Amino acid sequence: MTVIEARNVGLTFRTDDGPVHALKDVTLSIDKGEFVSFIGPSGCGKTTFLRAIAALEHPTEGSLTVNGSTPDAARKARAYGYVFQAAGLYPWRSIAGNVRLPLEIMGFPRAEQAARVARVLALVDLEGFGNKYPWQLSGGMQQRASIARALAFDADILLMDEPFGALDEIVRDRLNEELLALWARTGKTIGFVTHSIPEAVYLSTRIVVMSPRPGRITDVIESPLPRERPLEIRDTPEFIAIAHRVREGLRAGHGHEV
Amino acid sequence: MKHVLPVLTVLVAILALWYAGAVAMNGRWARDQAARAGVEIGLAEILRDTMQQERPVLPAPHQVAAEFGKTVFATKVTSKRSLVWHGWVTLSATAVGFALGSAAGILLAIGIVHSRAMDLSVMPWAIASQTVPILAIAPMVIVVLSSMGVTGLLPKAIISAWLSFFPVVVGMVKGLRAPDAMQLDQLRTWGASRAQTFWKLRLPASMPYLFASLKVSVAASLVGAIVGELPAGATAGLGARLLSGSYYGQTVMIWAALLAAAALAAALVGLIAGVERVVLRRMGMAR
């Protein structure tokens, strides 16, 4: 079942220096339960595309549907949770208070709020940290809390914009593993923006390679890797072959600029 | 404890400068008096005299301290000669003015942050209001209000509010705009209304800015209340005390009133700093 459907999507920003083509002719459909990574150099429109799905930007050409309706309608239907690069937790709220924030805004009943917070904190391995404040947690734990917050209202789609970009590699590896486990348990559809090739290959069922000026898709790679992926899979020939193809795609997209 | 020595050094240096200034500025009167009486006086007499003149150009610190002690501690607080009583009169106008000014400042900032039209139309007037000398505005406020039958505390409080709303507007506009684009986008993905964005994010995020501007604002409130007491020829309040001191050349009295005003301002700023510590700590935002 198709969850996200983009047909010839174009997005042009009007700036003082003339129009900037952030996206051009992007056609892609994402099925339920897929883990799709968007990879490319900065300016390739990967974040813009994710933001367009979340109705934070609006395409100027083509059509984009989420769950068969417009992105705006999908937002109202609480179709997706969005995880930003920074955890963005409120320092004046405890971890539980931060996770509860979207539930308060959406008007969930109080008793249900508490139950949901407890459930998603367990899901990201943060039981017992509900009463702590963000500054008492490490960067990795803060980002886990922000994932819990995005999951709290049971959206079927999880959109993640370089969520682990600011973390060191050891923490990033662990969170990647945990994210795969979370995905297996919940069956969410995940859109994931990254500029790390190993991260994209390790996580995704499909990798979308993008290139800049104008932002467009240059390659879509179906991953032959099984859904069950230990970290060691990164040393297998299959993994290295996909990583190589991604790198080739990135180089081709860059043309003679690199 | 290691800060005691530097702090004391500065204090001693200030007192030494003050005494030197008193000798230099009051010495002339001592020599003139001696010349008129036809007597020669030496350095020792000049020094002694400059420390205890009735109406010195610059009273010596111990004279100010003595006057301060006499009018604060040794006088009944209900007496019109008590600095505590005068301080209380000024303090009540300051408190009302501070409350009015901060409330107005917060409301204006909320309007400015939420409406582009208000941002463009209100901010220039707020800035203009502060460039007009308060000494020029104060008499007009007093006269206009008294012609409408409003006298006493309120006109002073309004002048006080006039000075105190501005730092709050500037600080709160900055504070309410402190959340970054990412935090605002995040709220949009949850479909938060403007009211929810305000109560859940903008207002709590602005608290450190609010307290910083309240500290500036409370000191400005006190200045406003004192200035408000001058043009009406008021008989009560620290401003009135300054005024009568200057009428009768009672420099010691003026300096004691100034000292009282400074102490009051320090106490008010300290009070707000205390509230700030408690509030920010309870919010988990203390540094």
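Given the structure is predicted, the values throughout are model-derived calculations rather than measurements. No hydrogens, no waters, no symmetry mates; every other heavy atom, side chains included, goes into these values. Residue numbers begin at 1 in each chain, while the letters A, B, ... track the order of the sequences.
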Minimum heavy-atom distance between A:Tyr90 and B:Lys200, given as atom pair plus value: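 Closest approach of A:Tyr90 to B:Lys200: CE2-O, 3.5 Å.
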Interface residue of largest heavy-atom contact number with chain B, from A:Gly88, A:Ala55, A:Gly81, A:Ser94, under 4.5 Å: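 With the most close heavy-atom pairs to chain B, the winner is A:Gly88.
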Of the listed residues (A:Leu159, A:Leu101, A:Asp161), which shares the most heavy-atom pairs with chain B below a 4.5 Å separation?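 It is A:Leu101.
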As an exercise, state the distance from [atom1] of [X] to [atom2] of [Y], rounded to the nearest 0.5 Å.
X	Y	atom1	atom2	result
A:Tyr82	B:Arg188	OH	CZ	10.5 Å
B:Asp180	A:Phe84	CG	CZ	9.5 Å
A:Glu57	B:Asp185	CD	CG	7.5 Å
B:Gln186	A:Leu89	CD	CG	8.0 Å
A:Ile105	B:Thr197	CD1	OG1	7.0 Å

Counting only heavy atoms not in [X] (residues, nucleotides, ligands), do more than 12 fall under 6.0 Å from its [atom1]?
X	atom1	answer
A:Gln136	CD	yes
A:Asn131	CG	no
A:Arg185	CZ	yes

Interface residue of largest heavy-atom contact number with chain A, from B:Pro179, B:Gly191, B:Ala205, B:Pro204, under 4.5 Å: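 Most pairs with chain A among the choices: B:Pro204.
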Of the backbone (N, CA, C, O) and the side chain (C-beta and beyond), which part of [X] lies under 4.5 Å from a heavy atom of chain B, both, or neither?
X	result
A:Arg78	neither
A:Ala86	both
A:Ala79	neither

Quick one, B:Leu201 with A:Trp92, criterion side chain to side chain contact (heavy atoms under 4.5 Å, CB included). Give me CA distance, side-chain angles, the key distance, then yes/no. CA-CA 10 Å; B:Leu201 176 61; A:Trp92 56 89; 3.9 Å; yes
